[in-house]
Undergrad: 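To start, I am sharing the structure in question, which I have written as structure tokens.
First the proteins, then the strands, lettered A, B, ... as listed; each starts at 1.
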Amino acid sequence: MWDVTPREAIQIQHRLNRLINLSWDGRKVSTLAGLDVSFPDKKTVLGAIVILSWPDLKVLETKTVTQPCRFPYVPGLLAFREVPVLLFGLSKIRREPDLLLCDAQGLAHQRRMGLATHLGILLDKPAIGCAKSVLYGTYEESSDEKGSISYMYDDFGDVIGAAVRTRKGVKPVYVSIGHRIDLEKAIEVVLACSPKYRIPEPLRLAHKLSVGEVIDVDASDEEGSLF
DNA sequence: GCGACAG
DNA sequence: ATCTTGTCGC
């Protein structure tokens, strides 16, 4: 029932690991995608994608797709469970997003291969990992203020991400490089995407979409259906 | 051997 | 992730 065994999955991660690009090429960003996955039942994976304009964050397009579940949840191997449906969903989107914002880790992973990095490498597209809790890494509690950041380190003392407070008094979100971006730029994007809530707007909307809520596309941007 | 553990 | 009620805080 599995596409690969957990052991093979780890080998794949070690192989893809070498393709990570840790720098931002300075490209102009005009759209970004918020990605999320849900499980309507134990045998189905549902991928939700919301394309937003940047930096005004208007909804340009949405899409949901489903597939049969192919891999169990194993900490550290999340990509093998959720990436397939996201690739499928992205293939059905009209606009090509400049940046992918994932509800998962990127480099802040035991093998530096979180879902955001995995997906970014497969598509060779800029990607950011933004999770609600920690999978791997340690950091010191910092200021309670909005915008405070505390770097996360692996067992060797290398920086692998940052705990970022998007609102005063809330738990931080954990930001890390996915692919083709640097940590400063990733943090900048996440903060700019979180003007009102703890969770960045693209991810908040993608999550709502994944659980069945209707996300209205901004009226002024529907020229795609005019003809 | 005993915890920890994205979603 | 998903299942669920009340409840603490601004």
Undergrad: Report the distance from atom CG of A:L135 to atom C1' of B:dC5, rounded to the nearest whole Å.
TA: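 Going from A:L135 (CG) to B:dC5 (C1'), I get 6 Å.
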Undergrad: Does a side-chain N-to-carboxylate-O contact under 4.0 Å join A:D36 and A:K208?
TA: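 A:K208 and A:D36: not salt-bridged.
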Undergrad: B:dG7 phosphate, OP1 or OP2: any side-chain N/O from A:K132 under 4.0 angstrom?
TA: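 For B:dG7, OP1 or OP2 has a side-chain N or O of A:K132 closer than 4.0 Å.
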Undergrad: Of all heavy-atom pairs between A:S176 and A:Q105, which one has the smallest distance, and what is that distance?
TA: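 Reported closest heavy-atom pair: OG-C, 3.8 Å.
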Undergrad: Please report the distance, rounded to the nearest Å, between CZ in A:R167 and P in C:dG9.
TA: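 To the nearest whole Å, that distance equals 19 Å.
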Undergrad: With sugar-phosphate meaning primed atoms plus P, OP1 and OP2, does A:G76 contact a base, only sugar-phosphate, or nothing at under 4.0 Å between heavy atoms?
TA: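 Base contact.
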Undergrad: Angle between ring planes, A:F71 versus A:W2, binned at 30° and 60°: parallel, tilted or perpendicular?
TA: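 Aromatic pair A:F71/A:W2 classed tilted.
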Undergrad: Base, sugar-phosphate alone, or nothing: which one does A:Y73 contact when heavy atoms must sit under 4.0 Å apart?
TA: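 It contacts base atoms.
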Undergrad: Rounding to a whole Å, what distance do you find between A:Q13:CD and B:dA6:P?
TA: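 Rounded to whole Å, this separation is 14 Å.
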Undergrad: Do the side chain of A:T5 and the main chain of A:E8 share a donor and acceptor less than 3.5 angstrom apart?
TA: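 Yes.
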Undergrad: Please check the phosphate of C:dA1 (OP1 and OP2 only) for any side-chain N or O of A:H207 closer than 4.0 Å.
TA: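 Yes, such a contact exists.
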Undergrad: Using whole Å, what does the distance between atom C1' of nucleotide B:dG7 and atom CG of A:L77 come to?
TA: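 Value for this atom pair: 12 Å.
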Undergrad: Phosphate oxygens OP1/OP2 of B:dG7: is one of them under 4.0 Å from a side-chain N or O of A:S133?
TA: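 For B:dG7, OP1 or OP2 has a side-chain N or O of A:S133 closer than 4.0 Å.
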Undergrad: Can you tell me which nucleotide in C:dT2, B:dA6, C:dA1 comes closest to the side chain of A:V211?
TA: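 Between C:dT2, B:dA6, C:dA1, the one nearest the side chain of A:V211 would be C:dT2.
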Undergrad: Would you kindly give the CG-to-C1' distance between A:L86 and B:dG7, to the nearest whole Å?
TA: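 A:L86 atom CG is separated from B:dG7 atom C1' by 11 Å.
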Undergrad: Does the distance from a Lys or Arg side-chain N to an Asp or Glu carboxylate O, for A:R165 and A:D144, drop under 4.0 Å?
TA: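 Judged by the 4.0 Å cut-off on N to carboxylate O distance, A:R165 and A:D144 do not form a salt bridge.
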Undergrad: Taking any heavy-atom pair under 4.0 Å as a contact, classify A:A104: base, sugar-phosphate, or nothing.
TA: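 Here A:A104 touches the bases of the nucleic acid.
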Undergrad: Mind calculating the distance between CZ (A:F80) and P (B:dA6) to the nearest angstrom?
TA: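 From A:F80 CZ to B:dA6 P: 17 Å.
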Undergrad: Could you give the NZ-to-C1' distance, from A:K171 to B:dA6, as a whole number of Å?
TA: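 Those two atoms, NZ and C1', are 12 Å apart.
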Undergrad: Whole angstrom is fine here: how far is it from OH in A:Y136 over to P in B:dC5?
TA: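 Distance, rounded to whole Å: 14 Å.
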Undergrad: Looking only at side-chain atoms of A:D36, point me to the closest of B:dG7, B:dA6, C:dT2.
TA: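 Side chain of A:D36 sits closest to B:dG7.
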Undergrad: If you measure from the ring centre of A:Y174 to the centre of the six-membered ring in the base of B:dA6, is it under 5.5 Å, with the planes under 30° apart?
TA: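 Given the distance and angle limits, no, they do not stack.
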